[in-house]
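Letters A, B, ... mirror the listed sequences (proteins, then strands); counts begin at 1.
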Amino acid sequence: MKRALAVLLLLATGIAHAHKPSDSYLTLHADGQSLRGQWDIALRDLEFAIGLDGDGDGAITWGELKAKQAEIDAYALARLALRADGRPCRLEPTEHLVDEHTDGAYAVLRFAAQCEIAAYRAVEVEYSLFFDLDPTHRGLLRVEHGGSSTTGVLGPERPRLEVRAEGRSRLAQFLDYAREGVWHIWIGFDHILFLLSLLLPAVFVARGGEWQPAERFGETVWDVFRVATSFTIAHSITLSLAALSVVQLPSRLVESAIALSVVLAALNNLWPLVHGRRWLVAFGFGLIHGFGFASVLADLGLPQSALLLALVGFNLGVEGGQLAIIAIFLPFAFALRATWLYRRAIFLGGSAAIALVAMIWLIERAFDVRLGLI
Amino acid sequence: MTYNASSGERLTGPPLLPVGPATGGILEKLSADLRLRDNLLFYIACSVIRTITAGLLLALAFTEASAAPFLPKSDAVVLERLPTRPNDPTAVELRALRAALAAAPTDSDAAVALAERYFELAVAEGDPRYVGYAEAALRPWRSDDAPVDVLYLRGLLRQYRHDFEGALKDLELTLKQEPSHTGAHSWRAAIFMVRAEYAAAARECAALSGNASELRATGCIAYVEATTGKTREAFARLTGALERHPESDADTKLWILTRLAEMAWRMQDYEAADKLFRRALALGVDDNFLLAAYSDFLLERGRAKEVVAMLKAWTRSDTLLLRLAMAEKTLGLREADAHIQALGDRFAAASLRGERLHMGEEARFLLDLKGDARQALAVGLENWKEQREPRDALVVLEAAAAAQDAGAAAPVLRWLRDSGFESARLKQLADTLR
């Protein structure tokens, strides 16, 4: 869907395709037992090599491409050799599609490799497409194996590449992403301060226009639970929207908005506009924090074959980090909730300090300056 | 929340595990709250469930997001328009040249003729695939003792792909066989100018003065002088030479008028610069450099509308699409977003291949269109290692100023001081940074 939209957008704005040197995109899925691949080859290059324009009108149609499909398969697959643990594999085409890259339309050839071997540990790729016609052609290789991927560029100087079939174990990957989630929370002082701003009043209830200590720890936990759940749901929504590229916000705007959310959450403790509905605040600002998470995930890169693993791992890591903060903070806060130390110094003083720090962040991020105060 | 007035018990909300009454004293409070552990465990359990659900939803979203190839709806759908039709004079000519080479594969003249034609197309269209085809034609002659025409063309092809070391070497070999080869001297001078090796460039220009036309020779040396602090004299000298040779070919005139326009611009004679740019355009030769230089001029002078009109049809070229997007962004036009996206994709495609030939453009893109000064500075400095033209210096200094990192701009500031390059804009930036 996204690709179709992108194409429509390109056509609507009339952007011509770019000029770039010749590349093909070769993706292999190697799981240690089966081996299959997808090869995107530019129509421009195929036209130069074997000729596709049947009626000579300067345009290549789907019909013309289909008519030449067998010839394309034979030509391309003859110039690609795959070996699993040294044993040559027979490549069989399975599907034919089309895709768009920055410089035009590509024929997409999906194939299965029959290697006559039950299990293998390494795959060797030997590539020689178009090198005789255009030595600037490159095969851009990506091998997906066990949830992670290895990339390489195949050229006339370096036509061979060997990749191990087994990647990291699923558990190791899961832990990798969980660790990233925890790490992101620990180093994300803005997220921590936002969380603290929402936690500080959790041990109170609003009664008679004033904060009163909560009667039961249970209601504190319930309050924190509602707030944290709204936050999680909200950031998952915006994380999805950012992932789908439905909404793309500039990072400066997002970072500034996150700083603003911390300021407002902290100020709300000092001048409560929202007391019983803090979960709404958490939801509203959770939407913004989601965009912040999206950029972290984009930097990490997500493996298409272990997506669920990675995302659940990352989320559990984030949750775990938050939980650690809550578990440390909440019992003590609850115990101290009626004391002057908590009510004045920690709650009011702390909220004011958080608001101040966040205000400095806001100025730094919004105006792209470095105040150097913290 | 509603509470029972007498017992203080909460009336709404799901019944949680009952909690004991609060008592005085901190430690007593903690230990008396026997359900503390149970409440926390409940909370942890709910957190895990909530998180897994969120993860599932996200995974669903992400699988939608991964771009997929598609099946066209019907046989008549046009997938790609080729650059030439089979009956085009260009296509016919290329077929003839290819046939001639196929008939005599060891004939270097036939190979050079074909490769030259491909190279001309590469320059005219800005299409690097043609350079690949040209290189393929010249492949049998890879050694250092190839015929002089092959060596020269190989140098040009290498320079197009920014292999400046290789290009200089091939052109040097050309000169060994033919010391008065004017093309080789001109191109070596041009490459030395890109690398800011001005003494070497001046030497090549001096070699031209005996052999090439007065205009070409003057153009060469004037360009070096204008870049090393003698802008006014160079301008006068070159203007005189141009007036004395109205018969020269369009390509030479184009190059000279573009250089003169840039000089006038730097001397802040904006009317003269505009006139010179227009004269160059009026020659009717499509030239990427001219359009890019004039666009930069118009953008600086606040004439973004004219840039949009001029570059609308040039989206194929990365350098021109960049300037078009910059103009559209300045004017707040809707098309800017799609163009910015396309540029990002193109730079990503280049880095995937491992060949980032347009890092100067990429730095400008990051600075002006993405607002990422730090990344722009990093890319700009990486670019500066290979390309040291004034344009490349400008983007580094502007990025350094925006990122407030004067230290990083040191190599460019050093160049500015050592070369004596005259530019009010660069000088202002340098003063801000020092």
Top of B:R85, B:R81, B:K73 for chain A proximity - count of heavy-atom pairs under 4.5 angstrom: B:R85
Checked A:P135, A:G56, A:G320 vs chain B; the most non-hydrogen pairs under 4.5 Å come from A:P135
Evaluate the ring planes of B:Y133 and A:F48, with Trp represented by its six-membered ring, and classify them as parallel (under 30°), tilted (30 to 60°) or perpendicular (over 60°). parallel
Would you call B:R161 and B:P128 a side-chain contact if the rule is heavy atoms closer than 4.5 Å? no
Selection from A:D45, A:V108, A:D53 maximising heavy-atom pairs under 4.5 Å formed with chain B: A:D45
Heavy-atom pairs under 4.5 Å with chain A are the metric here; pick the option from B:V78, B:D127, B:D372 that has the most. B:D127
Between B:D345 and chain A, with a heavy-atom cut-off of 4.5 Å, which part of the residue counts as in contact: side chain, backbone, both or neither? both
In terms of relative ring orientation, are B:F347 and B:F365 parallel, tilted or perpendicular, with 30° and 60° separating the classes? tilted
Smallest separation among heavy atoms of B:H339 and B:T315, with atom names: NE2-CG2, 4.2 Å
Interface residue of largest heavy-atom contact number with chain B, from A:P21, A:G155, A:A105, A:A59, under 4.5 Å: A:P21
Indicate yes or no: does A:D103 engage A:R44 in a salt bridge with an N to O separation below 4.0 Å. no
Please flag which part of B:S74 lies under 4.5 Å from any non-hydrogen atom of chain A: side chain, backbone, both or neither. backbone
Evaluate the ring planes of A:H235 and A:F231, with Trp represented by its six-membered ring, and classify them as parallel (under 30°), tilted (30 to 60°) or perpendicular (over 60°). perpendicular
When you look at B:R95 and B:V92, which way does the side-chain contact (heavy atoms from CB on, under 4.5 Å) test go after all the steps? CA-CA 5 Å; B:R95 264 204 304 279; B:V92 170; 3.8 Å; yes
Taking every heavy-atom pair that is under 4.5 Å apart, which of A:T232, A:V318, A:V153 has the most such pairs with chain B? A:T232
What part of A:E95 gets within 4.5 angstrom of chain B, counting heavy atoms only: side chain, backbone, both, or neither? neither
Residue part contacting chain B, namely of A:F130, when any heavy atom lies under 4.5 Å: neither
If you measure from the Lys or Arg side-chain nitrogens to the Asp or Glu carboxylate oxygens, is any gap between B:D368 and B:K329 under 4.0 Å? no
Given a strict heavy-atom distance threshold of 4.5 Å, which part of A:L65 is in contact with chain B: side chain, backbone, both, or neither? side chain
Against chain A, label B:E355 side chain, backbone, both or neither, depending on which of its atoms sit under 4.5 Å from a heavy atom there. side chain
Residue from B:Q341, B:R139, B:K370 scoring the most non-hydrogen pairs under 4.5 Å with chain A is B:R139
Would you call B:D337-B:R334 a salt bridge at under 4.0 Å N-O? no
Between B:R374 and B:A399, is there a donor-acceptor pair closer than 3.5 Å when you use the side chain of the first and the backbone of the second? no
Between chain B and each of A:T151, A:T102, A:L43, count heavy-atom pairs under 4.5 Å; write down the option with the most. A:T102
Under 4.5 Å heavy-atom distance to chain B, tell me which part of A:L316 shows up: side chain, backbone, both or neither. both
Looking at A:E64, A:R138, A:R110, which one has more heavy-atom pairs under 4.5 Å with chain B than the rest? A:R138
